[in-house]
There are 2 protein chains.
Amino acid sequence: MNRGPEGRRRPVTIHDVAREAGVSRGTVSRVLNGGHYVSPAAQTAVNNAIRRTGYVVNRHARSLITGRSDSVAFLLTEPQERFFEDPNFNVLLRSCTQELASQDIPLLLMIAGNEDERRRNLRYIQAGHVDGVLLVSSHSGDPVAGELDAAGIPVVACGKPIGQQARISYVAADDRDGARQMVRFLYESGRRRIATVSGPPDTPGGVERLAGYRETLAECGLPVDEALIAAGDYSRASGGRAAEQLLERAPDIDAVFVASDLMADGVLDALARAGRSVPGDVAVGGFDDSPAALAAAPRLTTIRQPFDRISKEMVRMLMARIGGEDPAAVILPTELVRRESA
Amino acid sequence: MNRGPEGRRRPVTIHDVAREAGVSRGTVSRVLNGGHYVSPAAQTAVNNAIRRTGYVVNRHARSLITGRSDSVAFLLTEPQERFFEDPNFNVLLRSCTQELASQDIPLLLMIAGNEDERRRNLRYIQAGHVDGVLLVSSHSGDPVAGELDAAGIPVVACGKPIGQQARISYVAADDRDGARQMVRFLYESGRRRIATVSGPPDTPGGVERLAGYRETLAECGLPVDEALIAAGDYSRASGGRAAEQLLERAPDIDAVFVASDLMADGVLDALARAGRSVPGDVAVGGFDDSPAALAAAPRLTTIRQPFDRISKEMVRMLMARIGGEDPAAVILPTELVRRESA
DNA sequence: CTGAAAGCGCTTACAG
DNA sequence: CTGAAAGCGCTTACAG
């Protein structure tokens, strides 16, 4: 960082680099942007000059001319309780930040907990302040995906946006197969009264994991008993309430497949209060392999969602969309992680 | 949003507004920047033109000339386990985002979980891509605050940065007084063998809350028994381990003041495993009033940190710093929240 | 392969 | 109070 006479920082510009390297500004810019049409000699001279001067590109000047901001929004549309409670969001946020950082792209965090915030964030995005958005929201009835798409903003959603006319790219874990793996595992462990706590019916995880549960029961030759199905809203407390219902309607259950680790933790609490041992009396299987699975006691046997890969794919797809590629969907496989609860 | 002949978006510029309003670009700009030296008539004409055209300022062009980016970084330097586990971060992140959004300032999220990431983020920040940084890190030995300050970047830390030569602005809750309130409350409830689980000794909360514990015991005429003091690292698991130590060293404890809600939740688990009832046998007091306090069973009696005000103050102070004001510290009062655990 | 030049959209002295 | 003009730091056709 150069300093002028009075110690004030005078940022070094492309002009300084050009002078230092003995070339024109245009050549410096070409080196900066991939080095096409630049002789090796000039290339070297410029790179050395950049090193010596400590030059860093002024992104505003660049953006002004390219029309891109080289930044991306992470838009979370979720009631704040869930953001506070569910570690999945942190995992996703963390790995997206990391993945973007490795490409030197800053992530603008936007949280829309209510209609007002949704509107404000939408306006900001539509003003072109970001090149695209990573959309995270469990409730896929959310119209925001469609609105962004309609405005021509590249979007990649985490989880399939239900009800959007398939114009939106998304990345999701294979929910149905994950459910299948867990239910089959429970069955093969000898459980025969397998209940489930599903997620909200307006979320892909709520729908698909329940479907996987039903299918697998049928495959195993077990009847599907509606008394064994209770719905939660992905919160820990809702898991506890669902377990209580289940216990009341079917005291003989010997296993529960829960559609999220956080809810499974609530189920564990309810089971303990009811005096049932886990996994002795009742086996409990979760979903996510989130940090909550390890914090639970006993630690949860669960289905791992490959959040790292999910984030990587989301970022990759968003970049592709920004680059003009058509939308696409990526489904990633899940994996059973065996611990103590089942 | 105007569209050109082929439906491509052609962003409306200050030029379009000027033409529409029948004034010069300079006048439009003046209206945009506070309306000084502008006649009411021109003011009105410009505002109408802005409305009609749907004009939104191009921040890059503005930044290029003002030299400010009108954005702020939220830098979290924390091992990722803690970010995943501790809801305090989410609360802070959420309310800072919100506070900044209300001023139309985007928040760039940066997470530094290791040395590499620290370095990269530092470089990014020093390149002037943000106007200032909100620094959140429980471990205040962290040199990043000093490095940023040395580079002339305005910084406001959450919690007192220990070991920094007081040049850094910070906002903190009154940790010592919070501890005092809790210990006194425990004493006045009739408890006499009051233990504590403290935070890490290299964090302000670790130091101050422990100090408050000691002082208050002394004020109450109770001896300070070192066997009643165990340290955690703010994780839930460490709370459990500390409680086990405490129980072993001093089976007769009848209360524990825990320096964070998350650790208190771990203490609750350990107590349950040891067959102690809460608050019957042992009263448990937490600290933070984080979402973890409500998720715990029984729900935690705790000390509320005013996170909303903390965030507001952090943002306000950062803006002041950016505007050239000298550093300052703000200490906010805490409050006892009585629930079931004590 | 390279330089000179235009121009991205804005702000801000500078004259009036 | 207002307009004309310079200039922020960069990229990108355009000639050569």
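Just so it is clear: chains get the letters A, B, ... in the order the sequence lines come, proteins before strands, and each one is counted from 1. Model, not experiment: these values are computed from the prediction. Below, all heavy atoms of this structure are taken into account, side chains as well, without hydrogens, waters or symmetry copies.
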5' precedence on DNA chain C between B:R30 and B:H60 (nearest-nucleotide basis): B:H60
Salt bridge or not between A:R19 and A:D16? Use side-chain N to carboxylate O under 4.0 Å. yes
D:dT12 to D:dG16 separation - C1' atoms, rounded to the nearest Å: 16 Å
Under the salt bridge (Lys or Arg N to Asp or Glu O under 4.0 Å) criterion, do B:E115 and B:R118 qualify, and how do the steps go? CA-CA 5 Å; B:E115 187 52 27; B:R118 233 188 89 253; 2.6 Å; yes
Side-chain donor-acceptor pairs under 3.5 Å in residues 311-318 of chain A, sequence neighbours left out?
unit_1, atom_1, unit_2, atom_2, d
A:S311, OG, A:S95, OG, 2.5
A:S311, OG, A:F307, O, 2.8
A:E313, OE1, A:R316, NE, 3.2
A:E313, OE1, A:R316, NH2, 2.7

Contact boundaries of DNA chain D with chain B (under 4.0 Å, heavy atoms), 5' to 3'? D:dC1 to D:dG9
Pairs satisfying ring pair (Phe, Tyr, Trp, His ring centres under 6.0 Å), at least one member in residues 88-135 of chain B, at least two apart: B:Y124-B:H129
Fill in the dot-bracket string of DNA chain C, one character per base: . for unpaired, | for a pair to another strand, ( ) or [ ] for pairs within the strand, taking Watson-Crick or G-U pairs under 3.5 Å. |||.||||||||.|||
Gap between atom SG of B:C158 and atom CD1 of B:I310 - 0.5 Å precision: 5.5 Å
Can a salt bridge be assigned to the pair B:E78 and B:R82 using a cut-off of 4.0 Å between side-chain N and carboxylate O? yes
Comparing nearest nucleotides in DNA chain D, the 5'-proximal residue of the pair B:V38, A:V57 is B:V38
Reported CG-to-CG distance for the pair A:L75 and A:L109, which is rounded to 0.5 angstrom: 9.0 Å
Salt bridge (Lys or Arg N to Asp or Glu O under 4.0 Å) contacts in which one or both residues fall within residues 20-37 of chain B, not counting sequence neighbours: B:E20-B:R52
Could you check whether A:E81 pairs with B:R94 (Lys NZ or Arg NE/NH1/NH2 to Asp/Glu carboxylate O, under 4.0 Å)? no
Go through the steps for B:Y170 and B:I331 under the test side-chain contact (heavy atoms from CB on, under 4.5 Å), then give the verdict. CA-CA 8 Å; B:Y170 68 90; B:I331 310 294; 3.9 Å; yes
Which residues in residues 20-29 of chain B have a heavy atom closer than 4.0 Å to any atom of DNA chain D? B:V23, B:S24, B:T27
